[in-house]
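Here is the structure we will look at, set down as structure tokens.
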Number of protein chains: 2
Amino acid sequence: MPSETFERLAENKKKAIFDAAVEEFSNHSFSQASINQVVQSAGISRGSFYQYFRDKEDLYMYVLGEIAREKMTVAAATRDINPHADFFETYRQMFMSILDWAESQPRYYRISMLMDYDDSAFIAKLRDQFGGNWDFFRQLIEKEKQRGRIEPHVDADIVVEMLFALNKSFFQDYWQTGSRDQLVDRMESSLNIIKGGIARV
Amino acid sequence: MPSETFERLAENKKKAIFDAAVEEFSNHSFSQASINQVVQSAGISRGSFYQYFRDKEDLYMYVLGEIAREKMTVAAATRDINPHADFFETYRQMFMSILDWAESQPRYYRISMLMDYDDSAFIAKLRDQFGGNWDFFRQLIEKEKQRGRIEPHVDADIVVEMLFALNKSFFQDYWQTGSRDQLVDRMESSLNIIKGGIARV
DNA sequence: GATAAAAATGACAACCCTGTCACATGACAG
DNA sequence: CTGTCATGTGACAGGGTTGTCATTTTTATC
């Protein structure tokens, strides 16, 4: 966590440092991000930086925390999804709201993307923790099974794992090509195939 | 490509360098691999290395080439897959033969894995080139559609993309946890779901 | 204004890395 | 045995990184 000295800083200075960190972390993976770049871009001295943060990991955690806080807004918006919508519709809606977020905050989104492109132990641990709350979907599938809308023999875990993998892969592609339409198409098509494979008819 | 000087080297020396490179590239992503480590581990001087290879990229390409040559054997074994087997069975068999290869050559396999964990331009280009020949499966799906074993409205591309994404994701997980059984389970289950979604009944 | 506490600074040490090059050592031919 | 050519070597320059710390500057308080 940042030092108390940092907390006491003027808002605009804190923001300058945060922005510089976001800039660096959205262009380089954690391992390759350079504190030198950050301090230069933020317009502070090297010594100051180390008075605010213990090291690069500390800074990274701070940035992630701030982003998570801002993300709350999105999460809140996600909550008022039609509770009567079925699993597939719910997934679709959540997917779209994540996509909207990615497009409205491309730098934040790139940071999360770059987490997948780093093999340091630190980031690996983070990946596991922040893995996203896919548990929600697992429970939703179980409910649908009880309601008879999904075949009862279906393993909810594997469906969630599939969606997770597809989500990650399609988003990564989108990150490079930048075609929103293709991303949405892929999501729709793959979801329909899965639906065909597990829905009770 | 390696210099002629390198080609003229004694076999055991060439092998020592190759092994050292494999060791380094299977433990660090390309960007983080160090030539210093390689020369030390191979027991040659820094100066010699640069007499053999232009730079790290050159060495990497050499290693990849050698691995590809050895991989031919696997590819050959793959060819005598039952031509009458359906798409899903063929996929299963190919999957298993890749898994076998990964288990017999874990260091080679880790190198290919680490290619996905690198964001350098050089590796990005390679990823696109060596993307694997999934075209084979696309054609197989088209054939199955004609034979009436797969729904004609199915988009072969999306199925291939799904399999590719799942393959990558499951293998990555396997790489970290190392559970072969789980990997095979996941492949079987997800393939069955896709089958349910696209097969003509 | 004087004093004390807080914050900012950048030179520095220590450690990585790469690519080069003048020189040393080997091997082989005459 | 000597000269030539192929090969091996490691010190070196030039670049990067991180984390520290003695010193200066700013800010707040009396």
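Naming: A, B, ... by sequence-line order, numbering from 1 per chain. Here the structure is a predicted model, which is why all the values come from computation and not from measurement.
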If the cut-off is 4.0 Å, is Tyr50(B) near the phosphate of dG19(C), judged by side-chain N/O to OP1 or OP2?
yes
For the pair made of CD in Gln40(B) and C1' in dC16(C), what is the distance, rounded to whole Å?
13 Å
Just the rounded figure in Å: distance from P of dA7(C) to NZ of Lys14(A).
12 Å
Think Thr5(A) has a side-chain N or O under 4.0 angstrom from the OP1 or OP2 of dA7(C)?
yes
Closest of dG10(D), dA8(C), dT9(C) to the Lys13(A) side chain is dA8(C)
Using whole Å, report how far CG of Asn36(B) lies from C1' of dG15(D).
14 Å
Quick check for you: among dA8(C), dC17(C), dG8(D), whose closest atom lies nearest to any side-chain atom of Ser48(B)?
dG8(D)
Interatomic distance where CZ belongs to Phe30(B) and C1' belongs to dC17(C) [whole Å]
13 Å
Distance-minimising heavy-atom pair for Ala156(A) and Ile141(A):
CB-CG2, 3.8 Å
Is the phosphate of dA7(C), meaning OP1 or OP2, less than 4.0 Å from a side-chain N or O of Tyr52(A)?
no
For a 4.5 angstrom cut-off between non-hydrogen side-chain atoms, does Lys145(B) reach Phe87(B)?
no
Out of curiosity, Leu183(B) CG to Met96(B) CE, how far, rounded to the nearest 0.5 Å?
8.0 Å
How many angstroms lie between CZ in Phe171(B) and CE in Met187(B), if you round to the nearest 0.5 Å?
8.5 Å
Ser34(B) side-chain N/O to dC17(C) phosphate OP1/OP2 under 4.0 Å:
yes
For a quick test of reading the model: is some side-chain N or O of Arg8(A) closer than 4.0 Å to OP1 or OP2 of dA6(C)?
no
N or O in side chain of Arg46(A) less than 4.0 angstrom from dT20(D) OP1/OP2:
no
Once you round it to whole Å, what is the distance between P of dA7(C) and CD of Glu7(A)?
12 Å
Begin from the C-alpha positions of Asp135(B) and Gln139(B) and carry the test side chain to side chain donor-acceptor pair (under 3.5 Å) through to its verdict.
CA-CA 6 Å; Asp135(B) 210 58; Gln139(B) 288 169 9; 3.2 Å; yes
Could you tell me how far apart Phe49(B) (CZ) and dG10(D) (C1') are, to the nearest whole angstrom?
16 Å
Using whole Å, what does the distance between atom P of nucleotide dA7(C) and atom CZ of Phe53(A) come to?
14 Å
Shortest side-chain distance from Ile35(A), nucleotide among dT9(C), dG19(D), dC17(C):
dG19(D)
Report yes if at least one side-chain N or O of Lys56(B) is closer than 4.0 Å to OP1 or OP2 of dG19(C); otherwise report no.
no
Taking atom P of dA6(D) as reference, at what distance in whole Å does atom CZ of Phe6(B) sit?
19 Å
